[in-house]
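Proteins get letters first, then strands, A, B, ... in listed order; numbering begins at 1 in each.
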Amino acid sequence: DTGVSQDPRHKITKRGQNVTFRCDPISEHNRLYWYRQTLGQGPEFLTYFQNEAQLEKSRLLSDRFSAERPKGSFSTLEIQRTEQGDSAMYLCASSPSGSGNEQFFGPGTRLTVL
Amino acid sequence: AQSVTQLGSHVSVSEGALVLLRCNYSSSVPPYLFWYVQYPNQGLQLLLKYTSAATLVKGINGFEAEFKKSETSFHLTKPSAHMSDAAEYFCAVSSTSGTYKYIFGTGTRLKVLA
């Protein structure tokens, strides 16, 4: 069990550029979550996958955001036409199926939009 | 809808003193409750969880929390603070069915004074 990994750890981009983040969950976990954390706030839910199916998206996830989880393994989160307000820490978490199971978090990708 | 309130964005205690971090939740149905700790530049690490078994939950590093339904609270305590406890602590609530997504509080930064 190598834990949840995220890549890159840091990303600096200019406003208007597209960025893509990757999350590799713990291998036997079929649930995958993306959260966004801004300075001084708790993480906010963005989207949820069960295997390859995206079952819930927050209203925070504008149409510039898209997430995928092909084959139910790793996941990607893409932000198109980035804005300064997108600057945040993007956290990925995974958990096994079943009730009451905690989520295991990755180290996050810190995005800075200039 | 579910929500979490953490009273006190910053808490300072002396080394060896009692740690008390407050968390109140709102939920129309009995929830699952979690406490996570976040060290600088690291992901969230689970301290403990309540999943409708024992109301007094013991976690890692000497932390414990008590679920009090009548007070809708899940406060985190530790009898004796250690310098290594300095970090940010997040309380989270999730539903007991569906996506199990987390709703986080805004966090409490704990400072331990020598």
Side-chain angles (χ1 to χ4, degrees), chain A residues 2-10 23-26 29-51 53-61 67 69 88-110, chain B residues 1-10 21-25 29-54 57 59-60 65 67 74 87-109:
Chain A
T2 58
V4 178
S5 61
Q6 292 186 245
D7 184 68
R9 294 290 306 274
H10 303 274
C23 170
D24 286 90
I26 294 171
H29 289 181
N30 66 343
R31 295 178 179 156
L32 188 145
Y33 304 80
W34 284 97
Y35 294 85
R36 181 171 68 187
Q37 184 178 20
T38 54
L39 199 61
Q41 299 296 318
E44 295 176 295
F45 170 77
L46 291 179
T47 191
Y48 163 69
F49 289 85
Q50 184 167 310
N51 299 311
Q54 187 176 22
L55 298 185
E56 185 169 344
K57 292 192 295 185
S58 164
R59 58 182 172 79
L60 293 175
L61 214 64
R69 193 185 182 194
M89 176 75 85
Y90 290 84
L91 297 168
C92 176
S94 70
S95 74
S97 59
S99 182
N101 289 310
E102 68 268 25
Q103 296 176 26
F104 293 80
F105 284 80
T109 294
R110 181 170 297 282
Chain B
Q2 296 178 314
S3 67
V4 173
T5 302
Q6 290 185 242
L7 289 176
S9 58
H10 292 80
L21 305 182
R22 300 179 185 275
C23 173
N24 288 88
Y25 70 90
V29 296
Y32 292 150
L33 292 159
F34 305 82
W35 274 100
Y36 280 81
V37 61
Q38 187 176 37
Y39 297 100
N41 301 315
Q42 294 188 26
L44 295 159
Q45 179 184 4
L46 180 73
L47 283 175
L48 47 79
K49 65 179 181 180
Y50 167 76
T51 56
S52 71
V57 181
I60 62 171
F67 172 71
F74 191 57
E88 187 141 27
Y89 293 79
F90 292 96
C91 181
V93 63
S94 83
S95 60
T96 57
S97 62
T99 67
Y100 303 99
K101 68 183 181 187
Y102 285 169
I103 306 298
F104 283 92
T106 52
T108 297
R109 184 167 297 279

Engaged part of Q41(A) at the chain B interface, taking heavy atoms whose separation is under 4.5 Å: both

Backbone of G108(A) reached by a side-chain donor or acceptor of Q6(A) within 3.5 Å: yes

Toward chain A, the part of Q45(B) with a non-hydrogen atom under 4.5 Å: neither

Best-contacting candidate, R9(A), R110(A), Q50(A), Q103(A), against chain B by heavy atom pairs under 4.5 angstrom: Q103(A)

Structural part of L55(A) lying under 4.5 Å from a heavy atom of chain B: neither

Parallel, tilted or perpendicular: rings of F45(A) and Y35(A) (30°, 60°): perpendicular

Q6(B) side-chain N/O to Y89(B) backbone N/O, donor-acceptor pair under 3.5 Å: yes

Pick from Y36(B), F34(B), Y102(B) with the largest number of heavy-atom pairs that fall under 4.5 Å of chain A: Y102(B)

Test item: Y33(A) side-chain N/O and T99(B) main-chain N/O as donor-acceptor pair under 3.5 Å: yes

Contacting moiety of Q37(A), where chain B heavy atoms sit under 4.5 Å: side chain

Which portion of Y32(B) sits near chain A, non-hydrogen atoms under 4.5 angstrom: side chain

CG on L33(B) to OG on S94(B), rounded to 0.5 Å: 8.0 Å

Backbone N/O of G98(A) and side chain of R31(A): donor-acceptor pair under 3.5 Å: yes

Heavy-atom donor-acceptor pair, T47(A) side chain to E56(A) backbone, under 3.5 Å: yes

Chain A contact via K101(B) - side chain, backbone, both or neither, heavy atoms under 4.5 Å: both

Contact winner vs chain A - L44(B), I103(B), V4(B), T106(B), heavy-atom pairs under 4.5 Å: L44(B)

Check: N30(A) side chain, S97(A) main-chain N or O, donor-acceptor pair, under 3.5 Å: yes

Greatest number of heavy atom pairs closer than 4.5 Å to chain B - which of G40(A), G106(A), P43(A): P43(A)

Heavy-atom donor-acceptor pair, T109(A) side chain to P8(A) backbone, under 3.5 Å: yes

Heavy-atom contact with chain A under 4.5 Å, split by part of Y50(B): neither

Which atoms of F90(B) approach chain A - backbone, side chain, both or neither, heavy atom under 4.5 Å: side chain

Contact class of T51(B) relative to chain A, heavy atoms under 4.5 angstrom: side chain

